[in-house]
Amino acid sequence: MLVLMGFLAAIALAILRLRDGITAVMLSGIYSLLSAGVFVLMDAVDVAFTEAAVGAGISTVLLLATLHRTNRLTRPSRHRAAVPLIVVLMTGAALVYGTWDMPRYGDAGSPPNQHVGLRYLEESPKTTGIPNVVTAVLASYRGYDTLGEATVVLTAAVGVLALLGARRRKDDPHDR
Amino acid sequence: MNILAHAPYWIIIVLMMSGFYMLIAHGNLVLKVIGLNIFQTSVFFLYLLLGKVEGGTAPILDAGITTYSNPLPHVLILTAIVVGIATTALAAALIIRIHGAYGSIEEDEIHRQDASL
């Protein structure tokens, strides 16, 4: 897992240095696919196939379509890179300091792995009868979360239609 | 203090910070969105890392298996991925509109045009 995550870090740092939009989008697709592999190693199979379909598939297509309708090559930024670099390094150092208190990887007794997660594992076969606990929690215990998620997706779809659908109207002089 | 036990966290922080850097240092809006996606993925890793149980399998109940990983982070991150693609789609639509209005998706060019109004 550490090797794959090292690859991920290498890809992320490679994207960071890129100036060509299409190459960056394609590399981010590879990044998503590789992270789906790491998700499987972390036992999150449902998350892995969602990420492979949505992250590596749809989001790559969306960004490629955006590049197609705008311009592909980016100009080198005239900003000074020193200030963002200092901010990023300081934030990173603070976060690394924060990891000292984090539970060991795979620790069954860590606080996140107690309480409600264990209860879902014990009770969901009895109360829902679904063998896949993730599905049971998603659709049954936390059904309102999923409803809220559907609301967010609907809002985003309405937003995209409002932004792009108006372009086709010819009578409005403010629209191109 | 075992170094290897915390190495996954540090890789996650490297991912998170490279996404953060892209977000604040790059002028191109598409590259900013890619940076945002990388940042987002690193948060997914953090959650799933905490839910992993040593020797456990995916939380799909089956006879003969006693140790499962924590299903709760998986559920939360499934929701987060779908919300993430929704925000990416909205960002892409906004970028196309900005390109329509300014003829550029470079941040400094947009600021320059705004200043000259």
Side-chain angles (χ1 to χ4, degrees), chain A residues 2 5 8-9 12-13 15-16 21 24 28 35 39 42-47 50-51 54 58-59 62-63 66-67 69-70 74-75 77-78 81 84 88 92 95-96 99 102 104-106 108 112-113 116-117 120-121 125 131-134 137-138 142 145 149 152-153 156 159-160 163-164 176, chain B residues 5-11 13-15 17-18 20-22 24-28 30-31 33-34 37-38 41 48-54 56-61 68-72 74-75 77-79 81-83 85-90 92-97 99-100 105-106 108:
Chain A
L2 275 179
M5 290 187 78
L8 277 178
L13 293 174
I15 297 176
L16 199 85
S28 78
S35 55
F39 290 155
M42 291 177 181
D43 293 341
V45 284
D46 304 75
V47 181
T50 312
E51 174 72 24
V54 170
I58 301 174
S59 124
L62 276 177
L63 288 177
T66 313
L67 280 177
R69 295 184 70 163
T70 57
T74 71
R75 286 186 295 100
S77 177
R78 282 192 296 269
V88 163
L95 287 173
V96 168
T99 60
M102 295 298 272
R104 187 176 53 84
Y105 171 64
N113 290 336
V116 72
Y120 287 146
L121 281 172
N132 188 339
V133 184
V134 176
V137 177
L138 191 75
R142 289 181 172 260
D145 270 14
E149 170 194 341
V152 170
V153 173
V160 170
L163 282 169
L164 294 185
R176 298 187 36 186
Chain B
H6 284 74
Y9 292 113
W10 298 337
I11 299 181
I13 290 170
V14 170
L15 295 177
M17 286 307 113
S18 42
F20 187 32
Y21 181 80
M22 283 187 80
I24 59 178
H26 281 214
N28 186 280
V30 173
L31 290 180
V33 174
I34 294 175
N37 281 340
I38 291 177
T41 322
L48 296 175
L49 197 67
L50 289 171
K52 166 79 179 163
V53 172
E54 207 157 27
T57 64
I60 299 171
L61 301 176
Y68 298 100
S69 286
N70 191 348
L72 188 59
H74 302 185
V75 177
I77 296 312
L78 270 179
T79 310
I81 288 180
V82 177
V83 171
I85 190 70
T87 51
T88 305
L90 199 60
L94 274 173
I95 291 172
I96 291 175
R97 288 293 284 178
H99 185 256
I105 50 170
E106 299 288 337
D108 46 0

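Because the structure is predicted, anything quoted here is derived from the model rather than measured. Side chains are part of it too, since the values below use all heavy atoms of this structure and drop only hydrogens, waters and symmetry mates. Residue numbering restarts at 1 for every chain, and letters A, B, ... go by the order of the sequence lines.
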Report task. Could you check which of A/V45, A/T50, A/L13, A/V152 has the highest count of heavy-atom pairs closer than 4.5 Å to chain B? Result -> A/T50
Report summary line: Greatest number of non-hydrogen atom pairs under 4.5 angstrom with chain B, of A/V134, A/L62, A/V54, falls to A/V134
Closest-packed option against chain A by number of heavy-atom pairs under 4.5 Å, given [options]:
{"options": "B/T41, B/V30, B/T87, B/N37", "answer": "B/T41"}
{"options": "B/V83, B/V14, B/N70", "answer": "B/N70"}
{"options": "B/L49, B/I77, B/L94", "answer": "B/L49"}

Query raised in the report: Do B/M17 and A/L95 have side-chain heavy atoms sitting under 4.5 Å apart?
Result: yes
**Report entry** Residue pair B/T88 / A/I58, side-chain heavy-atom distance below 4.5 Å
**Finding:** no
Could you tell me which non-hydrogen atom of [X] sits nearest to which non-hydrogen atom of [Y], and how far apart they are?
{"X": "A/V96", "Y": "B/W10", "answer": "CG1-NE1, 3.8 Å"}
{"X": "B/L90", "Y": "A/A156", "answer": "CD1-O, 3.8 Å"}
{"X": "B/I11", "Y": "A/M5", "answer": "CG2-O, 3.4 Å"}
{"X": "B/A86", "Y": "A/V153", "answer": "CB-CA, 4.3 Å"}
{"X": "A/D46", "Y": "B/L78", "answer": "O-CD2, 3.7 Å"}
{"X": "A/D43", "Y": "B/H74", "answer": "O-CE1, 3.2 Å"}

Requested in this report: Check whether any side-chain N or O of B/H99 sits under 3.5 Å from a backbone N or O of A/L67 as a donor-acceptor pair, and report yes or no.
Outcome: no
Query raised in the report: Sub-3.5 Å donor-acceptor pair from the side chain of B/R97 to the main-chain atoms of A/L163, do we have one?
Result: yes
**Report entry** Rounded distance [0.5 Å steps], OG1 in A/T66 versus CD1 in B/I105
**Finding:** 8.5 Å
Report summary line: So, the part of B/I13 with a heavy atom under 4.5 Å from chain A: the answer is side chain
